[in-house]
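Worksheet for the structure shown next.
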Amino acid sequence: MRKFLAVTSVAVTAAAFVAVAASSGAAAPSGAAGKASSVGATAAAISASAADGYTVNRVIKDPNGATHTRYDRTYQGLRVSGGDFVVHSAPGGAFASASNGLAAPLTLSTTPKISAGTAMATAKTHFAGTITSTGSSELFVDATSGTGRLAWESVVNGWAADKQTPSKLHVITDAVTGAHIGQFDEIETVAGTGTGIYTGAVSIDTTLSGSIYSMIDPVRGNGRTCDMNNGTSTCTTFTDADNVWGTGSNSNRQSAGVDAHFGAAKTFDYFKNIHGRNGIFGNGTGVPSRVHYGSAYVNAFWDGAQMTYGDGSGNSRPLVSLDVAGHEMSHGVTEALAGLTYSGESGGLNEATSDIFGNMVEFYAAAPSDPGDYQVGEKININGNNTPLRYMYNPTLDGSSHGCWSTSTKNVDVHYSSGVANHFFFNLAVGTGATSYGTSPICGSAPGVVGIGNTKAEKIWYRALDVNFTSSTAYVNTSTPANNARLHTLAAATFLYGTCSAEYKAVQAAWTAVNVASTDAACPAGNDFSLAAAPASGSVNPGSSVTSTITATLTNGSAQTVALTAAGLPSGATASFSPSSITSAGGTSTLTIATSASTPAGTYAVTVTGTGASSTRTTTYSLTVNGAPGCTGTNGNDVTIPDNTTVTSTIVISGCNRNASATSSVPVTIYHTYKGDLVVALVAPDGSVYTLSNRAGGSADNIIQTFTVNLSSEAANGTWTLRVQDAASLDTGRIDTWSLTL
């Protein structure tokens, strides 16, 4: 998906999706519970239907062992737009909760009454510009409103009315009535030394080949910067003989290239160093930047793979400022993580995410000539009167953006509905009232907000985007009330800083200050705290010990002294704390669990309890006691199992100087929506293959089983491999964990 920086010449229609809801009170479809259990959830939590299919999109594992698995949904084999969901599992694998955009299980006919050709003909009438080609019309289920309707998505390619902006318009047509539902454009707008037009004198990384330097960044995946020569097709990589680029003047074509190259580098570094994401695409590859695009082209756009910058009115003001670069490339991150639909309030959150991270890139880069300022596009003079494109501290200053949420927010252009989230983020980071950046007004009679700083605010927003948001998340969601940005950012604040922490309360206050309310869980009264173990799991050989750090975090009221104890230990094991009591306001203690030679092998949930004068809290540490020293191992790293693909997971055994036994055990946990697709085998260090399961179990889900295998002819030491082949289409899953006791 692609997006523009500003709606200057291309309008994106906010779709008002209307759907036919499932009958209230109807019994759950047959097989829905089984479908949900295949992904470790309940049918109600993910609005499961027996006709659903689920594909793993991404798996995120927290340091404490909790996992967050994002799934895409199909219905009777059709893609479901807005049907994505996230299953949140507690440490140990138990279901915790789900982020889900559907209000109820899907129940609709998948037989269209309108043909694909008719849908394409309708799509063409909505294209404002010159059509060059058409793509296909795809039949799918549109569930972006929380309920489902059958629709066609038709793609029309061409040039927008300005004859310079490329357009790949997706038009959504009701497949039953032929009504136009909505549309969006896939084009999303908005170390040598060099001197840029906006960033001034900066260092940039380039590549030397022979005696010529090229503007190709070898440090950041070979992202290149090139000159479109005011055309719309060919782009020539900038080269230079002395590795000194640009003069700071627009008359030197390299100057705009310096700004774009610097912006791409700083955006790459920001996501990698602040959020642990290896580049925009998460795979370490760089981003091409194309400058001097078109003639007097007053726009910049991200097309899903590269950045393109126009030279502005009269070709005198290239749109290559730092926050524009960060804004546009952040669309790629949003698409990869949450896939926020580019219309209505979801589209506003999508645009706001780019404004937020564009500004955070500006603060991160700390370029003296372009410091962070919570304005968007303030350097490029896109309005012609030296005003910024948008103001985060008071979005209404641009004359169109919403600074407070209202029932009409969902109906305005996404560049204007973004104002609510922009305003929230400013309040969260900086606070309300008069600030050094500008005055942030409060909506209604909400209390003032004291900011928590950029560092904490940006991490909360990224975590919510990564783990909690779905494609249909909104400010206020009447069909699925829990799928809203307030609750998702509160979940992120809880994970990062603790239940009812100061940061959690700041998130609450910042949303309230922009008129976004919700049914937040009540914070505890009086003095309270939370406990956490880091790491939250560990393994130990009998007779040895393992440690973890127990931390108490103040969540409400005043600090108290907390006494620590442990329960749930296996026989022959003891637990000690140093110190045995800590303060609830950030106190830490080292938990040491010592085992004896007779402690039985197995995995045990050890409950750590903190007892204070006002409250008692617990946390769980997962203890794995290995079998005979050196003769057992576990691999708990998740491995995604795509369709028609073979994947592997390994365990290295050392210190077991004998052959494996005739009763070696292989406990396996594989989550898969159709285990009859799977061929599971154990491969010994010498290459011998022992088949554990060969497409057994029919249509049942998951393989959670301990296999006993005669491995007496195999030397124990070496690399053992669990090999899993998905031998059919449609269903997917993951290797969750497996162990080997020889």
Side-chain angles (χ1 to χ4, degrees), residues 5 190-208 212-217 219-220 223-230 235-270 286-300 307-329 358-359 361-373 375-389:
L5 168 69
V190 140
T193 60
T195 304
I197 299 170
Y198 307 118
T199 56
V202 293
S203 295
I204 58 174
D205 289 292
T206 58
T207 297
L208 176 64
I212 298 297
Y213 293 90
S214 298
M215 207 175 275
I216 298 174
D217 190 339
V219 178
R220 300 167 185 86
R224 74 179 186 121
T225 301
C226 58
D227 187 351
M228 294 291 291
N229 293 293
N230 296 109
C235 199
T236 305
T237 301
F238 284 103
T239 58
D240 191 85
D242 61 6
N243 208 24
V244 177
W245 307 80
T247 62
S249 170
N250 186 41
S251 61
N252 184 303
R253 300 187 72 82
Q254 291 183 354
S255 298
V258 170
D259 282 320
H261 203 65
F262 180 76
K266 289 304 176 184
T267 303
F268 188 108
D269 290 349
Y270 169 76
V287 174
S289 299
R290 307 190 303 172
V291 302
H292 301 306
Y293 175 88
S295 179
Y297 185 63
V298 190
N299 224 321
M307 271 302 304
T308 301
Y309 303 91
D311 278 345
S313 180
N315 291 321
S316 62
R317 200 80 174 181
L319 279 74
V320 290
S321 66
L322 191 55
D323 58 351
V324 171
H327 172 105
E328 295 297 348
M329 285 180 274
N359 266 268
V361 167
E362 202 172 61
F363 278 99
Y364 174 83
S369 60
D370 191 8
D373 49 28
Q375 296 178 358
V376 180
E378 71 281 356
K379 293 284 187 180
I380 59 179
N381 195 25
I382 200 169
N383 297 321
N385 58 2
N386 292 313
T387 59
L389 194 59

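Quantities reported herein were computed from a predicted structural model and do not represent experimental measurements.
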Ser369 to Lys379 - nearest heavy-atom pair and separation | O-NZ, 2.9 Å

Do you know which two heavy atoms are closest between Arg253 and Asn230, and how far apart they sit?
-> NH2-OD1, 3.2 Å

Evaluate side chain to side chain donor-acceptor pair (under 3.5 Å) for Ser249 paired with Thr247, printing each intermediate quantity in order.
-> CA-CA 5 Å; Ser249 170; Thr247 62; 4.5 Å; no

Answer yes or no: is there a donor N or O on one side and an acceptor on the other, between the side chain of Thr199 and the main chain of Asp259, under 3.5 Å?
-> no

Side chain to side chain contact (heavy atoms under 4.5 Å, CB included) partners of Thr237, counting only residues at least two apart = Ser214, Ile216, Arg224, Cys226

Is a side-chain N or O of Asn229 found less than 3.5 angstrom from the main chain of Asp227, in a donor-acceptor match?
-> yes

So, the side chain of Asn381 versus the backbone of Asn386: is there a donor-acceptor pair under 3.5 Å, distance only?
-> yes

Between the side chain of Asp323 and the main-chain N/O of Val361, is any donor-acceptor distance below 3.5 Å?
-> no

Quick one: list whatever passes side chain to side chain contact (heavy atoms under 4.5 Å, CB included) with Asp373, sequence neighbours left out.
-> Asn359, Glu362, Gln375, Glu378

Verdict with supporting geometry, Asp370 and Ser321, side chain to side chain donor-acceptor pair (under 3.5 Å) | CA-CA 8 Å; Asp370 191 8; Ser321 66; 5.4 Å; no

Distance-only, no hydrogens or angles: does the Asp311 side chain make a donor-acceptor pair with backbone N or O of Ser316 under 3.5 Å?
-> no

Non-hydrogen side-chain atoms of His261 and Val291 separated by less than 4.5 Å = no

Pairwise distance CG(Asp240) to CH2(Trp245) - rounded to 0.5 angstrom = 4.5 Å

Between Val324 and Ala300, what is the shortest heavy-atom contact and its length?
-> CG1-CB, 4.1 Å

For residues Phe238 and Gly257, report the shortest heavy-atom separation together with the two atoms involved.
-> CE1-CA, 3.9 Å

Is any side-chain heavy atom of Asn315 closer than 4.5 Å to a side-chain heavy atom of Ser295?
-> yes

Applying the side chain to side chain contact (heavy atoms under 4.5 Å, CB included) test to Met215, which of Asn243, Ile204, Thr239, Asp205 qualifies?
-> Ile204

Report yes if some heavy atom in the side chain of Phe268 is under 4.5 Å from a heavy atom in the side chain of Asp217; otherwise report no.
-> no

Spell out, as yes or no, whether a donor-acceptor pair under 3.5 Å connects the side chain of Asn383 to the backbone of Asn385.
-> no

Minimum-distance pair of heavy atoms, taken over all atoms of Tyr309 and Ala260 | CE1-CB, 3.7 Å

Closest non-hydrogen atom pair, Tyr198 against Val320 | CE1-CG2, 3.6 Å

Working for side chain to side chain contact (heavy atoms under 4.5 Å, CB included), residues Thr308 and Tyr297 | CA-CA 11 Å; Thr308 301; Tyr297 185 63; 5.6 Å; no

